[in-house]
Amino acid sequence: MTALVLLDHENGHIKKAALSAVTAAADLGEVHGLVVGDASVAQAAASIAGVTRVLHAQGAAYEHFLAEPLASLIVSLASQYDHIIAAANAVGRNVLPRVAALLDVQPIPDVVAVIEKDTFIRPIYAGNALATVRSTDAKKVLTIRGVAFDAAATQGGSATIENVADEKGTEADFSRFEAVHLTDSKRPDLEAARVVVSGGRGMQSEEKFHILDPLADILGAAIGASRAAVDAGFVSNECQIGQTGRIVAPELYMAFGISGAIQHLAGMKDSRVIVAVNKDPEAPIFQAADYGMVADLFDVVPQLVTALTKS
Ligand SMILES: Cc1cc2nc3c(=O)[nH]c(=O)nc-3n(C[C@H](O)[C@H](O)[C@H](O)COP(=O)(O)OP(=O)(O)OC[C@H]3O[C@@H](n4cnc5c(N)ncnc54)[C@H](O)[C@@H]3O)c2cc1C
């Protein structure tokens with residue numbers, strides 16, 4: 001059995017979630033990695049522990065991980081593979097359903113455990129139940145939840161690198177990259193952060209949301225938010241945590257003014273320690289929290305910042 005893992009990358013670094021996908025793939029047999037773009041990333045991929053072969057494709061069409069050319073490339077390589085795997089992040093969620101459709105198989109998204117070569121566990125109902133899924137498809141197309149698997153070591157491997165390209169995919173056809181608008185932030189990436197400081201509708205406004213900044217600075221934390229806070233325009237979309245946002249499992253998750261709807265819990269309930277501050281003692285977030293404080297966040301946050309600054 002051999003698995004092909006799409007190793008998506010940013011700023012020259014293979015994403016942590018893709019490294020977790022390598023760990024999941026290693027449970028299934030031999031692991032090959034697919035890198036599109038920069039040759040230096042292919043070199044880095046060759047050092048990943050457990051990867052025995054790196055397929056490297058260059059071409060303008062692949063530069064921005066557009067689903068159409070990338071899916072075409074993966075399908076052109078698929079005959080050699082039993083499993084086609086990517087991280088359950090924006091790239092994997094965009095590309096792999098298309099791969100599955102082109103191969104006429106059922107994709108299995110958000111895998112959190114590999115039971116056997118054809119049997120996987122994935123959350124359903126916003127993470128309130130775990131489904132064990134057995135696939136009878138000849139090829140299994142999976143996305144992997146990064147928080148459920150350790151990242152593969154970036155050193156220790158010595159894979160061969162082979163250049164591959166799909167003629168059809170090297171030129172963009174019916175999709176093309178226009179522009180990317182990124183928020184310039186020095187904070188850690190939400191999915192990789194050890195600490196996440198998160199705010200909800202209780203933050204009241206975009207301006208008041210910034211009360212969390214000094215706390216996040218002291219803790220070296222990423223900033224997260226509930227969907228209500230995002231919808232209200234307090235913070236940008238990429239901060240949203242939950243069923244329709246990002247999935248995080250940091251060592252410490254601090255929720256301020258978040259009620260704890262199941263759709264929010266679906267994105268953070270696997271955090272190691274959850275701290276909640278909410279002025280409503282009945283807020284459901286307290287059922288998920290390890291430490292809860294019934295208080296006004298606008299009193300608590302400045303006090304926390306003062307106490308942490310002194311310590
Ligand atoms: C299909 C679907 C998908 C969804 N996906 C997501 C998702 O991915 N992520 C997500 O977060 N939501 C998601 N939602 C929305 C979700 O159901 C909730 O509406 C949302 O999480 C509520 O956000 P909130 O807790 O910030 O707001 P509210 O539920 O309004 O809670 C605000 C909380 O702030 C507290 N508060 C107010 N003022 C203060 C204060 N001064 N100090 C302390 N506490 C205070 C209140 O007591 C209250 O508990 C989804 C919903 C649907 C239907």
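Counting starts at 1 for both ligands and their atoms, following the listed order.
- With salt bridges taken as basic N to acidic carboxylate O contacts below 4.0 Å, one links Asp189 and Arg246.
- The option from Ala126, Ala276, Gly257 that lies nearest to atom 33 (C) of ligand 1, judged by heavy atoms, is Gly257.
- Among the atoms of Ala261, none of the N or O lies under 3.5 angstrom from an N or O of ligand 1.
- Comment: Glu191 does not engage Lys16 in a salt bridge, judged by the lack of any side-chain N to carboxylate O separation of less than 4.0 angstrom.
- Set against the non-hydrogen atoms of Gly245, the atoms of ligand 1 under 4.0 Å away are 8 (O).
- Scanning all protein heavy atoms for the shortest distance to atom 26 (O) of ligand 1 gives Ser226 OG, 2.5 Å.
- The environment of Gln80 atom CD is dense: over 12 non-hydrogen atoms of other residues, nucleotides or ligands sit within 6.0 angstrom.
- Results of the side-chain contact (heavy atoms from CB on, under 4.5 Å) test with Phe286 over Asp280, Ile274, Asn278 single out Asn278 as the only residue that passes.
- The residue from Ile247, Val147, Ile285 that alone fulfils the side-chain contact (heavy atoms from CB on, under 4.5 Å) condition with Met268 is Ile285.
- A salt bridge links Asp213 and Arg187; the closest N-O separation between the charged side-chain nitrogens and carboxylate oxygens is under 4.0 Å.
- Using a 4.0 Å cut-off to heavy atoms of Gly200, the atoms of ligand 1 that qualify are 26 (O).
- Proximity of Phe298 to ligand 1, defined as any heavy-atom pair under 4.0 Å, is confined to the side chain (atoms from C-beta onward).
- Atom 15 (C) of ligand 1 has its closest protein heavy atom at Arg227 CB, 4.2 Å.
- Nearest non-hydrogen protein atom to atom 53 (C) of ligand 1 is Gln263 NE2, 3.9 Å.
- No more than 12 heavy atoms of other residues, nucleotides or ligands lie within 6.0 Å of CG in Asp150, so this atom counts as exposed by the packing criterion.
- Counting the atoms of ligand 1 from 1 in the order shown, those under 4.0 Å from a heavy atom of Ala295 are 42 (N), 43 (C).
- Given atom 41 (N) of ligand 1, the protein heavy atom at minimum distance is Asp296 OD1, 3.1 Å.
- For Gly199, the closest heavy-atom approach to ligand 1 does not fall below 4.0 Å.
- No option in Thr52, Asp82, Val51 other than Thr52 meets the side-chain contact (heavy atoms from CB on, under 4.5 Å) test with Glu30.
- In this structure, Lys208 is positioned above the aromatic face of Phe298, its NZ or CZ under 6.0 Å from the six-membered ring centre and within 45° of the axis.
- Looking at ligand 1, you won't find any N or O of Ala283 less than 3.5 Å from one of its N or O atoms.
- Using cut-offs of 30° and 60° for the angle between ring planes, the Tyr81 and His32 rings count as perpendicular.
- Scanning all protein heavy atoms for the shortest distance to atom 47 (O) of ligand 1 gives Asn278 OD1, 2.7 Å.
- Between atom 39 (C) of ligand 1 and the options Glu282, Lys208, Lys279, Arg246, the minimum heavy-atom separation is to Lys279.
- Not a single N or O atom of Gln204, backbone or side chain, sits closer than 3.5 Å to an N or O atom of ligand 1.
- For atom 9 (N) of ligand 1, the nearest non-hydrogen atom of the protein is Ile241 O, 2.8 Å.
- Note that CZ of Arg93 and CG of Asp110 are 5.0 Å apart. Values are rounded to the nearest 0.5 Å.
- Here the protein heavy atom with the shortest distance to atom 36 (N) of ligand 1 is Gly202 CA, 3.8 Å.
- Interface of Gly242 with ligand 1, defined as ligand atoms under 4.0 Å from a residue heavy atom, comprises 7 (C), 8 (O), 9 (N).
- Against a heavy-atom cut-off of under 4.0 Å, Thr244 is close to the following atoms of ligand 1: 3 (C), 4 (C), 5 (N), 6 (C), 7 (C), 8 (O).
- A side-chain donor-acceptor contact under 3.5 Å links Asn128 to the backbone of Tyr125.
- Atom 7 (C) of ligand 1 has as its closest protein heavy atom Gln240 NE2, 3.2 Å.
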